[in-house]
**Student:** 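There's a structure below that I have some questions on.
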Amino acid sequence: MARRKTSKLGTGWRRWLGLGALAAGGAALAWLTRREPMPQTVDDLGFDRFERADEAAETDFTLPADSHESWLAGPSGTIRIVERNRGGQHTVLFVHGLGGCLEHWAGQLAALPPSLHGVAVDLPGHGGSEITGDPAELTVPMMAHSLGAVTDALGVRRLTLVAHSYGATVATAWAGSAPRRVAGLFLVDPNGDQTKLDNKQRDGFLGALRSDTLGELRWHFSQILVGSQPQVRERVLMDLEQVDPETLLRLTERSVEYSPLTDLDRYTGPTHALISEMNDLETSLHRLRPALPASKILGASHWLMLDKPATFNRVLADFLDEVRDRLAGSRPVPVVDEG
């Protein structure tokens with residue numbers, strides 16, 4: 001493990017996640033202090049529209065007792081989803097990150113008011129979702145098709161996407177391909193644009209990953225879990241190890257070839273990036289697109305929704321209010337009958 005801690009690949013990996021402030025050294029910290037304006041920092045006042053969460057309590061990964069689990073047909077295999085408040089007026093689709101699973105959103109599903117239909121999805125190859133073909137064929141746009149398949153299967157015409165890390169990249173791709181079906185895009189510590197990395201840095205990272213995929217990912221995940229609760233760290237690393245290393249490698253290889261900027265520009269609806277202290281580099285989305293609204297949660301790891309649920313849910317509730325107000329002034333989305 002000592003070899004990885006001293007490796008020059010550390011910075012490249014953290015930039016791949018958009019999280020380069022962590023242990024990046026004096027030069028990087030000096031760069032950060034020169035960048036203005038910084039994203040607004042949010043506080044821990046809680047929220048009124050969601051049930052309050054106690055951030056001092058241990059994070060619970062248990063799904064709400066009134067949630068409903070099901071499996072849907074997707075473009076790359078069966079997709080596992082969990083729903084809550086099926087009669088809600090608006091659907092919120094939660095998308096986890098690389099190596100995660102839908103249980104990472106258990107706290108958000110439990111906090112949803114009855115007016116919101118919550119859906120959490122396991123991405124292909126994660127949790128209870130399958131990959132029936134070659135993982136190497138799962139590009140970011142193809143992964144995004146899975147979100148479209150879930151939306152179609154549920155008969156949802158328009159929804160809000162809440163997506164974390166790599167999942168935020170996937171959600172952005174789908175929002176760009178089907179902007180009229182997305183009412184809001186809430187990006188949680190999203191990956192930046194890895195195509196902006198130089199070839200030497202990118203090739204070095206991928207070479208190390210190919211030699212020991214799970215070992216490299218586990219070490220790097222440990223670095224961006226700094227500041228998390230012990231049970232969050234344990235669960236995140238456990239979930240990572242449940243995913244086939246070949247799937248993790250192929251998804252990573254495809255993601256570094258994809259720039260989210262075109263799809264982000266195609267989507268013109270309400271958008272917000274909620275970031276950690278580490279996600280403030282030149283490759284971060286809010287740096288590349290200064291018009292992207294962004295706010296920052298202090299004292300949390302990359303998994304913001306698990307470390308700071310009360311703060312997270314308050315910011316999300318404010319964003320969903322913005323989406324609701326925008327929908328109240330919009331015309332119905334027409335349905336095109338291709339039959």
**Student:** Given 3.5 Å as the limit, does a donor-acceptor pair link the side chain of S67 with the main chain of P64, or not?
**Tutor:** yes
**Student:** Can you name the closest pair of heavy atoms from A110 and R84 and give their distance?
**Tutor:**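 Heavy atoms only, the tightest pair is O-NH1, 3.3 Å.
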**Student:** Tell me whether V236 shares a hydrophobic cluster with L63, the cluster being built from Ile, Leu, Val, Met, Phe, Trp, Tyr side chains joined at under 4.5 Å.
**Tutor:**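 Yes.
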**Student:** T247 vs I131, test: side-chain contact (heavy atoms from CB on, under 4.5 Å). Steps then yes/no.
**Tutor:** CA-CA 9 Å; T247 296; I131 294 179; 3.7 Å; yes
**Student:** Would you say T271's side chain and G269's backbone share a donor-acceptor pair under 3.5 angstrom?
**Tutor:**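 Checking the backbone N and O of G269 against the side chain of T271, a donor-acceptor pair under 3.5 Å is found.
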**Student:** Which atom names give the shortest non-hydrogen contact between L298 and E277, and what distance separates them?
**Tutor:** CD2-CG, 3.5 Å
**Student:** Check whether T59 reaches the backbone of L306 with its side chain - one donor and one acceptor, N or O, closer than 3.5 Å.
**Tutor:**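 Yes; at least one donor-acceptor contact below 3.5 Å.
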**Student:** Any chance you could measure D239, atom CG, to F61, atom CZ, to the nearest 0.5 Å?
**Tutor:**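 Going from the CG atom of D239 to the CZ atom of F61 covers 7.5 Å.
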**Student:** Can you tell whether the side chains of R254 and E137 come within less than 4.0 Å, N to carboxylate O?
**Tutor:**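 Result for this pair is no, no salt bridge flagged.
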**Student:** So among N279, L185, L274, which one has a side-chain contact (heavy atoms from CB on, under 4.5 Å) with P190?
**Tutor:**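 Filter result, single survivor: N279.
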**Student:** To the nearest 0.5 Å, how far apart are NE2 in H126 and CG in D244?
**Tutor:** 10.5 Å
**Student:** Below 30° counts as parallel, above 60° as perpendicular, anything between as tilted: where do the rings of H272 and F186 land?
**Tutor:** parallel
**Student:** Between T283 and K196, which heavy-atom pair has the shortest distance, and what is it?
**Tutor:** CG2-CB, 3.9 Å
**Student:** Can you tell me how far CG of L116 sits from CG of L112, rounded to the nearest 0.5 angstrom?
**Tutor:** 5.5 Å
**Student:** Of all residues at least two apart in sequence or in a different chain, which pass the side-chain hydrogen bond (donor to acceptor under 3.5 Å, both in side chains) check with D198?
**Tutor:** none
**Student:** Quick one: pull up CD in E322 and CG in D325 and give me the separation to the nearest 0.5 Å.
**Tutor:** 8.0 Å
**Student:** Kindly say whether G184 contributes a backbone atom to a donor-acceptor pair with the side chain of Y267 at under 3.5 angstrom?
**Tutor:** yes
**Student:** Between H90 and H117, is the ring centroid distance below 6.0 Å?
**Tutor:** no
**Student:** Flag the pair T169 / M143 as yes when at least one side-chain heavy-atom distance between them is below 4.5 Å, and no otherwise.
**Tutor:** no
**Student:** How far apart are the closest heavy atoms of L264 and L187, and which atoms are they?
**Tutor:**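 Between these two residues, the closest heavy atoms are CD1-CD1, 4.5 Å.
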**Student:** Would you mind checking if D152 and R181 are paired as a salt bridge, meaning a charged N to carboxylate O distance below 4.0 Å?
**Tutor:** yes
**Student:** Testing the basics here: between T195 and V256, what is the closest heavy-atom pair and its distance to 0.1 Å?
**Tutor:** CG2-O, 3.7 Å
**Student:** Between R250 and D134, is the closest basic N to carboxylate O distance under 4.0 Å?
**Tutor:**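 Not counted as a salt bridge, because no side-chain N and carboxylate O are separated by less than 4.0 Å.
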**Student:** If we check side-chain contact (heavy atoms from CB on, under 4.5 Å) with V188, which of these qualifies: I275, L304, V315?
**Tutor:** L304
**Student:** Between the side chain of T213 and the main-chain N/O of R210, is any donor-acceptor distance below 3.5 Å?
**Tutor:** no
**Student:** Any side-chain donor-acceptor pair under 3.5 Å between S165 and D189?
**Tutor:**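 Result is no, nothing qualifies.
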**Student:** Testing the 3.5 Å rule here: is there a donor-acceptor pair between the side chains of D307 and Q229?
**Tutor:**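 No.
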**Student:** Quick one: closest heavy-atom pair of Y166 and L251, and the distance?
**Tutor:** OH-CD2, 3.7 Å
**Student:** Ring centres under 6.0 Å, that's the criterion: do W303 and H164 meet it?
**Tutor:** yes
**Student:** Please check if the side chain of D60 supplies one atom and the backbone of T62 the other of a donor-acceptor pair under 3.5 Å.
**Tutor:** yes
**Student:** By side-chain hydrogen bond (donor to acceptor under 3.5 Å, both in side chains), which residues pair with E103, not counting sequence neighbours?
**Tutor:**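 Result, side-chain hydrogen bond (donor to acceptor under 3.5 Å, both in side chains) vs E103: R80.
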**Student:** Hey, quick one: are M142 and L248 part of the same hydrophobic cluster, counting side-chain heavy atoms closer than 4.5 Å, chains of contacts allowed?
**Tutor:**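 They do not share one cluster, since no chain of ILVMFWY contacts under 4.5 Å joins M142 to L248.
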**Student:** Taking the side chain as C-beta and beyond, is there a heavy-atom pair between V121 and L102 under 4.5 Å?
**Tutor:**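 A side-chain contact under 4.5 Å is absent here.
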**Student:** Between D212 and G215 (side chain of the first, backbone of the second, donor and acceptor by atom type, cut-off under 3.5 Å), is there such a pair?
**Tutor:** yes
**Student:** What distance do L327 atom CG and R158 atom CZ have between them, rounded to the nearest 0.5 Å?
**Tutor:** 5.5 Å
**Student:** Quick one about D193 and Y258 (side-chain donor to acceptor, distance below 3.5 Å, no hydrogens or angles considered), yes or no?
**Tutor:** no
**Student:** Could you state the interatomic distance from CD1 (I81) to CD (E83), rounded to the nearest 0.5 Å?
**Tutor:**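 Between I81 CD1 and E83 CD, I get 4.0 Å after rounding to 0.5 Å.
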**Student:** Any side-chain to backbone donor/acceptor pair from S129 onto G125? Under 3.5 Å, distance only.
**Tutor:** no
